[in-house]
2 protein chains.
Amino acid sequence: MSDDLMTIRQMCDTYEVTPRTLRFYEARELIFPQRRGQHRLYDRRDRARLILILRGKRFGFSLEQIRQLLELYEPGGTNRAQIAATINVGRDRLADMERQYAELSEAIADLRTQISEAQSRLSATPEQPRG
Amino acid sequence: MSDDLMTIRQMCDTYEVTPRTLRFYEARELIFPQRRGQHRLYDRRDRARLILILRGKRFGFSLEQIRQLLELYEPGGTNRAQIAATINVGRDRLADMERQYAELSEAIADLRTQISEAQSRLSATPEQPRG
DNA sequence: CGTCTTGCTTACGTTCGCGTCAACTTGGGG
DNA sequence: CCCCAAGTTGACGCGAACGTAAGCAAGACG
């Protein structure tokens, strides 16, 4: 590898996001790339955060929720109250995800049933005669 | 129960949606309440669909995706091509959900780890002396 | 009769997560 | 030196999924 640092373009190609998106996340304080002069440079920490951001999005969390969660993944505050608050945020998200997990399991079973029933209907449906 | 039919208000109270939302879903052709004069009346079919809509939303599907999926749950078209197309839509959604399921499982494990690590940090952090 | 409630339609406003565009700077090549 | 490409900021735009507000109709009630 050339270096541990990536340009915005390399980031975009690697993670399939646009420059606009990366700058947007930065404006929302989700990532903090360094600056070499004007240009942004993303290190491993930034990349790890980005991966978590993209994952969080897939689960339907807002950027704000994700921002709060990210604090868990990086020991930011050092005082008890702050750590405790972060843990609580994490617990809430965890509960959300566990609920989603259970519900998803049901929905998948459901959908499978519907699909196989539809397949039965398909088998039972005569082909169109050409005319 | 009074009847099998519910007014818009009863629907809203039961499913925690607003009238605006129900009319919006109708405009997008996701539900088709009958009309008694001007008023909408929702039967069990409508309610079943609404439940599926709300569930789909929780998984991050768009209303359009949900609309297509709903066809699976109600044998609409009777010709092979249409049934087959509906099945394919269902398969795609199913694949989405299965991926989401797997990823969610990982993310939950991950988050649990982070939370317990944060708890360790909390235990290791001395209490603030009052001053 | 008036008025209250419930619901209807139409239309415009709002939030989130970016896209798009304009205008500027900066660094490297020819 | 000039130009181009890449990057930056700032402002405005947009689609999805509703919220909100205005104005009207129609039945219930005293």
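Remember, it's a predicted structure, so these values are computed and weren't measured experimentally. Residue numbers begin at 1 in each chain, while the letters A, B, ... track the order of the sequences.
- The pair A:D46-A:R49 fails the salt-bridge criterion, with no side-chain N (NZ, NE, NH1 or NH2) lying under 4.0 Å from an Asp/Glu carboxylate O.
- For the helix from C:dC1-D:dG30 to C:dG30-D:dC1, the rotation axes defined at the first and last 5 base pairs enclose an angle of 20°, given to the nearest 10°.
- Taking 4.0 Å as the cut-off between side-chain N and carboxylate O, B:E26 and B:R35 count as a salt-bridged pair.
- In this structure, the CG atom of A:L22 is 10 Å from the P atom of C:dC18, given to the nearest Å.
- Of the side-chain N and O atoms in A:Y25, one or more sit less than 4.0 angstrom from OP1 or OP2 of C:dC18.
- Computed from coordinates, the B:R9 CZ to C:dC8 P distance equals 11 Å when rounded to whole Å.
- No donor-acceptor distance shorter than 3.5 angstrom exists from the side chain of B:R44 to the backbone of B:D4, with no hydrogens or angles considered.
- Phosphate proximity of C:dT20 to A:R20: absent, as no side-chain N or O sits under 4.0 Å from OP1 or OP2.
- Within the structure, a side-chain polar atom (N or O) of B:T21 is placed less than 4.0 Å from OP1 or OP2 of D:dG19.
- Phosphate proximity of C:dG7 to B:T7: present, with a side-chain N or O under 4.0 Å from OP1 or OP2.
- Not one N or O on the side chain of B:S105 forms a donor-acceptor pair closer than 3.5 Å with the backbone of B:Y101.
- Look at CD1 on B:I53: it is 11 Å from P on D:dA17, rounded to the nearest Å.
- A:I8 is listed as a side-chain neighbour of A:R23, based on a closest heavy-atom distance under 4.5 Å.
- Across the protein-nucleic acid pair, A:Q10 atom CD and D:dA5 atom P stand 19 Å apart, rounded to whole Å.
- No continuous path of ILVMFWY side-chain contacts below 4.5 Å connects B:F32 to B:Y25, so the two sit in separate hydrophobic clusters.
- Of the residues in residues 54-64 of chain B, those lying under 4.0 Å from DNA chain D by heavy-atom distance are B:K57, B:S62, B:L63.
- When the side-chain nitrogen and oxygen atoms of B:R40 are compared with OP1 and OP2 of C:dG7, none of them lie within a distance under 4.0 Å.
- Atom C1' of nucleotide C:dC16 and atom CZ of A:F24 are separated by 7 Å, given to the nearest angstrom.
- As rounded to whole Å, 9 Å separates atom P of D:dT8 from atom CG of A:L41.
- Contact between the side-chain N/O atoms of B:R36 and the OP1/OP2 oxygens of D:dA26 is not found at any separation under 4.0 Å.
- The separation between A:I8 atom CD1 and C:dT26 atom C1' is 15 Å, rounded to whole Å.
- Following rounding to the nearest Å, A:Y15 (OH) and C:dC18 (P) show an atom-to-atom distance of 17 Å.
- Looking only at atom types and distance, the side chain of B:T21 has a donor-acceptor partner in the side chain of B:T18 under 3.5 Å away.
- Contacts of A:R23 with the nucleic acid, taken as non-hydrogen atoms under 4.0 Å apart, include base atoms.
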Output, in order, the C-alpha distance, side-chain angles, deciding distance and verdict of side-chain contact (heavy atoms from CB on, under 4.5 Å) for A:L50 and A:L22. CA-CA 9 Å; A:L50 179 56; A:L22 290 175; 3.9 Å; yes
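- Residue A:Q68 forms a side-chain hydrogen bond (donor to acceptor under 3.5 Å, both in side chains) with just one option from A:Q65, A:E64, A:E71, and that option is A:E64.
- Of the candidates D:dG7, D:dT9, C:dG19, the closest approach to any side-chain atom of A:T18 belongs to C:dG19.
- Nearest-nucleotide assignment on DNA chain C puts the 5′-proximal partner with B:R35, out of A:H39 and B:R35.
- A donor-acceptor pair under 3.5 Å links the side-chain atoms of A:Q10 to the main chain of A:T7, judged by distance alone.
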